[in-house]
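Because the structure is a prediction, the values reported are computed rather than measured. First the proteins, then the strands, lettered A, B, ... as listed; each starts at 1.
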Protein chains: 2
Amino acid sequence: MKNSQLYKGSLNTIIMKLLEENGKMYGYEITQKVKAITQGELNITEGALYPALHKLEAEGLLDVEIEKVDNRMRKYYKLTESGQKETVNRLSELEDFIRNMQSLVSPSPKLEF
Amino acid sequence: MKNSQLYKGSLNTIIMKLLEENGKMYGYEITQKVKAITQGELNITEGALYPALHKLEAEGLLDVEIEKVDNRMRKYYKLTESGQKETVNRLSELEDFIRNMQSLVSPSPKLEF
DNA sequence: CTGTTATGTATAAGAATCTTATGTATATTT
DNA sequence: AAATATACATAAGATTCTTATACATAACAG
């Protein structure tokens, strides 16, 4: 991903959320979309992305469909039914995570007397 | 930590933030504090915590001070000067991370016509 | 009084995720 | 003609965490 270790563990959730929103996407498209949404702050590397997609597919959360565009291969991924249910869970976990992290770092204001 | 992979990579930031707020803390105290703040949702395991503390110390971000209380050892950790500076960076990275994740998953509302 | 829970630290094996590097191939831009 | 963009893939190694184990004292429960 980027410089920060914080993104570790969040890639699956990002992929699934984007697929939920966009129906179907291919790998390279995902990297570009993420870059655009985060204004270049988050760059997903292929070495992280493709193994993640393969794993989600192996787990039955994604379906794949190969197309050829301009003589180049594209593997379009979309959520399975099981994947759609799991996406709801992952997003819920992400909300909890963000809430917990904010509780931990939000400046519980030090009262001064 | 807990069930979710999302927390992976965030432990160092949590530790440093708590030390910034509380001056000095010992390991077990950190686990209890995190549990309390997150209402039991996030449980830091010793297998993750102690190696993390040792590494932060080795990197010169933490200082350690041993005390004996009730015949039991406590290792109090506090931020070094370098650690204080680095904490600012880490918290800034965390803010960026949370902002980026919210951009990615916030329901860019689908307009219907 | 004896076993369990709480307090307190530590490490080692293995799992999961990611970085970095490399490889292949075509299309487009310079 | 060379560099960049598009498009997928994998392998070695780094990092971070889980799970299990280990040691030791204090407090509580049966």
Side-chain angles (χ1 to χ4, degrees), chain A residues 1-16 24-36 40 42-59 61-62 64-77 90 93-94 97 100-101, chain B residues 1-16 24-36 40 42-59 61-62 64-77 90 93-94 97 100-101:
Chain A
M1 305 248 196
K2 211 196 132 194
N3 14 6
S4 174
Q5 293 280 15
L6 291 169
Y7 294 91
K8 193 163 285 205
S10 60
L11 179 56
N12 288 331
T13 305
I14 292 173
I15 292 171
M16 293 170 77
K24 67 174 190 179
M25 300 180 81
Y26 57 100
Y28 186 74
E29 185 185 10
I30 292 176
T31 66
Q32 301 307 302
K33 190 80 171 179
V34 168
K35 197 186 291 186
L42 179 49
N43 290 296
I44 295 179
T45 59
E46 309 99 312
L49 178 65
Y50 292 114
L53 287 172
H54 300 161
K55 193 177 179 221
L56 289 171
E57 187 194 352
E59 289 168 348
L61 301 176
L62 300 187
V64 67
E65 188 187 327
I66 298 178
E67 280 186 34
K68 213 162 190 177
V69 180
D70 279 338
N71 209 28
R72 269 196 246 98
M73 180 178 57
R74 278 186 192 171
K75 290 180 74 173
Y76 277 96
Y77 291 91
R90 304 276 178 115
E93 276 181 16
L94 178 60
F97 167 67
N100 282 330
M101 288 306 290
Chain B
M1 302 252 198
K2 210 196 132 193
N3 14 5
S4 174
Q5 294 278 18
L6 293 168
Y7 294 90
K8 193 164 284 206
S10 60
L11 179 55
N12 287 332
T13 305
I14 293 172
I15 292 172
M16 292 168 79
K24 67 175 191 178
M25 299 180 81
Y26 57 101
Y28 186 75
E29 184 184 11
I30 292 176
T31 68
Q32 300 308 302
K33 190 80 172 179
V34 168
K35 197 186 290 186
L42 179 50
N43 289 296
I44 295 178
T45 59
E46 309 99 313
L49 178 66
Y50 292 114
L53 287 171
H54 299 162
K55 193 175 178 224
L56 289 171
E57 188 193 353
E59 289 167 349
L61 301 175
L62 300 188
V64 68
E65 188 188 326
I66 298 178
E67 281 187 32
K68 214 161 191 179
V69 180
D70 278 339
N71 211 28
R72 269 196 248 99
M73 181 178 57
R74 279 186 191 170
K75 289 179 76 172
Y76 278 96
Y77 290 90
R90 304 276 178 116
E93 276 181 17
L94 178 60
F97 167 66
N100 282 329
M101 290 305 291

Pairwise side-chain contact, A:H54 with A:Y50, heavy-atom cut-off 4.5 Å (strictly under): yes
5′-ward residue of the pair B:Y28/B:Y77 relative to DNA chain C: B:Y28
Whole-Å distance separating the OH atom of B:Y76 from the C1' atom of C:dG8: 11 Å
N/O (side chain, B:Q5) to phosphate O (OP1/OP2, D:dC17) under 4.0 Å: no
Spacing between A:Y26 atom OH and D:dC8 atom P, to the nearest angstrom: 7 Å
Check: A:K68 and A:R74 side chains under 4.5 Å, non-hydrogen atoms: no
Pairwise side-chain contact, A:M16 with A:L56, heavy-atom cut-off 4.5 Å (strictly under): yes
Side-chain N,O (A:K75) to OP1/OP2 (D:dA9) below 4.0 Å: yes
Protein-nucleotide distance (A:L49, atom CG; C:dT20, atom P), rounded to Å: 16 Å
Any donor-acceptor N/O pair, A:Q32 side chain to A:E29 backbone, under 3.5 Å: no
All N/O contacts under 3.5 Å from nucleotides 27-30 of chain C to the protein, with atom names and distances to one decimal?
residue	atom	partner	partner atom	Å
C:dA27	OP1	A:D70	O	3.4
C:dA27	O4'	A:R72	NH2	2.8

Between the protein and nucleotides 11-13 of chain C, list the N/O to N/O atom pairs that are separated by less than 3.5 angstrom.
residue	atom	partner	partner atom	Å
C:dT11	OP2	B:H54	ND1	3.4

Worked verdict on B:E59 versus B:K55 for salt bridge (Lys or Arg N to Asp or Glu O under 4.0 Å): CA-CA 6 Å; B:E59 289 167 349; B:K55 193 175 178 224; 3.6 Å; yes
side-chain hydrogen bond (donor to acceptor under 3.5 Å, both in side chains) partners of B:K35, counting only residues at least two apart: none
Residue pair B:Y7 / A:N100, side-chain heavy-atom distance below 4.5 Å: yes
Nearest listed nucleotide, side chain of B:L11, among D:dC17, D:dT6, D:dA9: D:dC17
Euclidean distance, atom CD1 of residue A:I44 to atom C1' of D:dC8 [Å, nearest integer]: 15 Å
Length of the CD-P vector between B:E67 and C:dT7, whole Å: 18 Å
Test item: B:I14 and B:L42 side chains (from C-beta on) under 4.5 Å apart, heavy atoms: yes
Six-ring centre of B:Y76, B:K24 cation under 6.0 angstrom, axis tolerance 45°: yes
Selected nucleotide, minimal atom distance to B:R74 side chain, candidates D:dA7, C:dT9, D:dT19: C:dT9
Out of C:dT9, D:dC8, C:dC18, whichever nucleotide has its closest atom nearest the side chain of A:M73: D:dC8
Sugar-phosphate only, base, or nothing, as touched by A:K55 at under 4.0 Å among non-hydrogen atoms: sugar-phosphate
Spacing between A:N12 atom CG and C:dA15 atom P, to the nearest angstrom: 18 Å
Side chain to side chain, A:V34 and A:N43, heavy atoms closer than 4.5 Å: no
Nearest-Å distance for atom pair CD1/P, residues A:I66 and C:dA25: 17 Å
Atom-to-atom span, CG of A:L53 to P of C:dC18 - whole angstrom: 11 Å
